[in-house]
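Below is one structure, written out as structure tokens, with a few remarks after it.
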Amino acid sequence: DTTGDIYARIKKTYDGPLSLAEDFMVWNITKDEMRVRMAVVEEHTWSPALASPAIAPLMSDRDAMSEQLGWELGYSDFIVNGKWDVDDVLRPIYEEASQALGREFPYPGDEGSDD
């Protein structure tokens with residue numbers, strides 16, 4: 001937590017009112033005053049009941065919108081395949097760490113790896 005240090009450093013050169021932001025902090029500023037307060041919120045809320053049953057979008061609606069936009073609406077390959085191949089990013093990290101630390105860090109899934 002750095003709040004105390006930051007506050008102290010600012011106050012070395014500034015002697016006016018000061019508040020450092022926190023979650024749910026609210027500043028009410030008018031030409032006459034500035035008031036700082038904490039908002040009262042309910043963090044565990046439930047959505048209200050639907051006024052009518054939820055209806056899934058029709059594929060024909062998606063097709064019509066794709067035509068109107070001029071590009072295909074749909075899921076990315078990442079979503080469709082359910083897997084993102086990051087070997088080209090991760091493998092060099094394992095190799096660099098192995099070399100820098102003089103110890104073998106086997107890439108998960110390679111022979112000899114416990115993973």
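All of these numbers come straight from a predicted model, not from anything done at the bench. Residue numbers start at 1 and run along the sequence shown.
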What do you reckon, are the aromatic ring centroids of Tyr107 and Tyr94 less than 6.0 Å apart?
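When the ring centroids of Tyr107 and Tyr94 are compared, they turn out to be within the sub-6.0 Å range.
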
Expected output: side-chain Lys11 to main-chain Gly16 donor-acceptor under 3.5 Å:
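Side chain of Lys11 to backbone of Gly16: a pair is present.
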
Donor-acceptor contact below 3.5 Å, side chain Thr2 vs main chain Asp5
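Not a single qualifying donor-acceptor pair exists.
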
Flag side-chain contact, heavy atom, 4.5 Å: Val36 against Val26
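No; the side chains remain at least 4.5 Å from each other.
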
Do the side chains of Met34 and Asn28 get nearer than 4.5 Å, heavy atoms only?
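Answer no - side chains too far apart.
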
Asp87 atom CG, over 12 foreign heavy atoms within 6.0 Å:
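Yes, enclosed.
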
Check the surroundings of atom CZ in Arg91: do more than 12 heavy atoms from other residues, nucleotides or ligands lie under 6.0 Å from it?
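Above 12, so yes.
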
For the pair Met65 and Gln68, evaluate side-chain contact (heavy atoms from CB on, under 4.5 Å) and give the outcome as yes or no after the intermediate values.
CA-CA 5 Å; Met65 182 57 78; Gln68 182 181 342; 3.9 Å; yes

Test Asp63 against Leu73 for side-chain contact (heavy atoms from CB on, under 4.5 Å), laying out the working first.
CA-CA 8 Å; Asp63 295 341; Leu73 290 175; over 6 Å; no

Pair Ile10, Leu18 - check side-chain contact (heavy atoms from CB on, under 4.5 Å), show working.
CA-CA 9 Å; Ile10 292 170; Leu18 175 65; 3.7 Å; yes

I need the [X] [atom1] to [Y] [atom2] distance, nearest 0.5 Å.
X     : Y     : atom1 : atom2 : value
Glu72 : Arg62 : CD    : CZ    : 6.0 Å
Arg35 : Ile29 : CZ    : CD1   : 12.0 Å
Asp61 : Ser66 : CG    : OG    : 11.0 Å

Would you say Val40 ends up clustered with Met25 if hydrophobic residues are merged whenever their side chains have heavy atoms under 4.5 Å apart, either directly or through other cluster members?
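Shared cluster, no.
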
For side-chain contact (heavy atoms from CB on, under 4.5 Å), just list the numbers for Trp27 and Ser19, CA-CA rounded to whole Å, side-chain angles, deciding distance to a tenth of an Å, and then say yes or no.
CA-CA 9 Å; Trp27 289 272; Ser19 58; 2.8 Å; yes

